[in-house]
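Input: a single structure, listed below in structure tokens.
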Protein chains: 2
Amino acid sequence: MSHPAPVPPTRRRAGRPASGVLDRALIARAALDLVTDQGYSKLTMSAVASSLGVSPSALYNHVGSKQELLQWVQEIVMDDVDHSWFATHPLDEALVRWAHTYRDVFADHAPLIPLIAVLPVSDSPRLLEMYEAVTGGFVRAGWPPESIVPAIVALESFIFGSALDATAPADIFDPGEHAGTVPRFEDALAAQRATGADNADAAFAVGLQAMVAGLLASRV
Amino acid sequence: MSHPAPVPPTRRRAGRPASGVLDRALIARAALDLVTDQGYSKLTMSAVASSLGVSPSALYNHVGSKQELLQWVQEIVMDDVDHSWFATHPLDEALVRWAHTYRDVFADHAPLIPLIAVLPVSDSPRLLEMYEAVTGGFVRAGWPPESIVPAIVALESFIFGSALDATAPADIFDPGEHAGTVPRFEDALAAQRATGADNADAAFAVGLQAMVAGLLASRV
DNA sequence: GGATTAAATGAATGTCGTTCATTTACTGCT
DNA sequence: AGCAGTAAATGAACGACATTCATTTAATCC
């Protein structure tokens, strides 16, 4: 999981080092590793710098801001979203596969969601590549062009929301001190709990099914 | 919109003031006003304090943290979500009404989304009240109890995702420098644009229709 | 080989949320 | 009425952070 920390035992003296110490790939990788084993709350510029054996200000020779660094992380992480099925499978199956991998990736990277939801795609070639693949799936299924983007955005919205939801504690719906004041909700909750299924997972599965079916049925 | 700033012209001296200066309602209101006319980026404890004519540390006699203050804002804002139709209208109509108001509210309060998506409902009586109303709608429509909570969560996930999406700039999908590399996507984009409809709004409408129809059709 | 540029250090800055010692007034008890 | 305890202000201070800047050193370009 985590890479060998390339912290040199001897302190580097000021001035440009003989061999390049940093570059975009190294910094992005260090950030991702940090996130992977310590979470986003520990992702600070200082922490990234120290894991690279470098002072924080050195990073700014390569990256403009922490925001930009987060975009680099997003780019890497995006690789785990599988859009390959759009070229080979029926649209509904491809959508389900895509949505599941997409949601799983961002459930592990929830803090990126508010970022990516608002990020211009031109800043992220891989995002663009993904959209091209997904669009291809709709086109091959015979969808009218003007309905494709809204359908993708609707699915993505559900995916992002579900990824956020997946990070919530399991007992989030426990009425606590207000028990008894919301009887129907408590019934429904108990019945759901009795199924043994994880609530977030069940909601995602059922919602995805519903939306895909609903979209394909209407093909507005 | 914004209330008269109750900043006293004369500086208060240290020590407990004769008449209560702060309370929960005042602080929450000040925060909401600040957000309403300056946005979340300007919502700092200092700004809230100064709009109340008080020093920042004074707030901490009433609120435990900024997080908690955000929860107070969320509670107020939640009032604009309309769940009244669940008692009076067919389930599908009530869901659409509810979802629209819910999404509109949080489109104006996007920074609250990551908070509420993970907030224990026991911390928010109004949230709980809303769930009771929504659950009532499903019950009256004859839904099996164990399917209700997942359906609500699925809809909520879509709503939160759509609210985030609504805050994105309109030209977010412009391929920019990568124009030409994603032809099918660019076609779809152009066709959508030609409809004249706002993309986020179209996506929300079509996604909501699809999910509601899909859910009601399956009633898992 | 000299000028320019790139890339490091380390000190410094500014913004925030939050804590703490201190002061003052309200409240409850006897 | 008087006193103890608590509540609610002030203002100074702290600790994280992201970010900037002056300085130093090495690579690169002409």
Side-chain angles (χ1 to χ4, degrees), chain A residues 5-31 34-35 38-74 111-112 114-115, chain B residues 5-31 34-35 38-74 111-112 114-115:
Chain A
V7 183
T10 70
R11 190 147 46 259
R12 204 182 353 263
R13 74 180 188 285
R16 182 174 183 168
S19 65
V21 174
L22 297 180
D23 65 15
R24 173 174 166 149
L26 277 173
I27 295 173
R29 187 81 233 167
L34 207 50
V35 161
Q38 309 213 52
Y40 277 88
S41 69
K42 293 293 173 51
L43 180 63
T44 65
M45 296 303 270
S46 285
V48 173
S50 108
S51 88
L52 288 164
V54 129
S55 87
S57 55
L59 298 176
Y60 288 88
N61 289 317
H62 302 268
V63 67
S65 65
K66 186 179 180 180
Q67 275 271 332
E68 192 180 338
L69 176 53
L70 288 174
Q71 289 181 24
W72 294 356
V73 172
Q74 172 261 321
L112 295 181
L115 182 75
Chain B
V7 183
T10 72
R11 191 148 43 260
R12 202 182 356 261
R13 73 179 190 287
R16 181 176 183 165
S19 65
V21 174
L22 296 180
D23 64 15
R24 172 173 168 150
L26 278 174
I27 295 174
R29 186 82 233 168
L34 206 51
V35 160
Q38 309 213 50
Y40 276 89
S41 69
K42 294 292 173 51
L43 180 64
T44 64
M45 296 303 271
S46 285
V48 172
S50 109
S51 87
L52 288 164
V54 127
S55 87
S57 55
L59 298 176
Y60 288 89
N61 289 316
H62 301 268
V63 67
S65 64
K66 186 179 180 181
Q67 275 271 329
E68 192 179 340
L69 176 53
L70 288 174
Q71 288 181 24
W72 294 356
V73 171
Q74 171 261 320
L112 295 181
L115 181 74

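Just so it is clear: chains get the letters A, B, ... in the order the sequence lines come, proteins before strands, and each one is counted from 1.
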### Message
Can you measure L59(B) atom CG to dA7(D) atom P for me and round it to whole angstrom units?
### Response
18 Å

### Task
Nearest whole angstrom, please: distance from the P of dA8(C) to the CG of L52(A).
10 Å

Could you pull out all donor-acceptor pairs under 3.5 Å where a side-chain atom in residues 56-64 of chain A meets a protein atom, sequence neighbours excluded?
residue: S57(A); atom: OG; partner: S55(A); partner atom: OG; Å: 3.3

What are the atom names and distances for every N/O pair under 3.5 Å that joins the protein to nucleotides 19-22 of chain D?
residue: dT19(D); atom: OP2; partner: Y60(A); partner atom: OH; Å: 2.9
residue: dT19(D); atom: OP2; partner: K66(A); partner atom: N; Å: 2.9

## Note on the structure
Taken in chain and number order and not counting sequence neighbours, the residues that satisfy side-chain contact (heavy atoms from CB on, under 4.5 Å) with V35(A) are Y40(A), L43(A), H109(A)

#### Entry: Close side-chain approach of L112(A) and Q71(A), heavy atoms under 4.5 Å
no

### Query
Side-chain N or O of H62(A) less than 4.0 angstrom from OP1 or OP2 on dA6(C)?
no

### Task
Verify, without hydrogens or angle tests, whether S65(B) (side chain) and E68(B) (backbone) share a donor-acceptor contact under 3.5 angstrom.
yes

### Summary
To the nearest angstrom, the OH-C1' distance between Y40(B) and dC16(C) comes to 18 Å

### Query
Where the side chain of S55(B) is concerned, which of dA7(C), dA8(D), dG11(D) is the nearest nucleotide?
dG11(D)

### Query
Rounded to the nearest Å, what distance is computed from the CG atom of residue N61(B) to the C1' atom of nucleotide dT18(C)?
12 Å

### Query
Can you list the residues that meet the side-chain contact (heavy atoms from CB on, under 4.5 Å) rule with T44(A), with sequence neighbours excluded?
S46(A), A47(A)

### Given dA8(C), dC17(D), dT10(D), the nucleotide with the shortest approach to the side chain of A58(B)
dT10(D)

### Task
Take the protein atom CG of D23(A) and the nucleotide atom C1' of dA6(C), then report the distance between them rounded to whole Å.
14 Å

### Query
Where do L115(A) and Q67(A) come nearest, in terms of heavy atoms and distance?
CD1-OE1, 3.0 Å

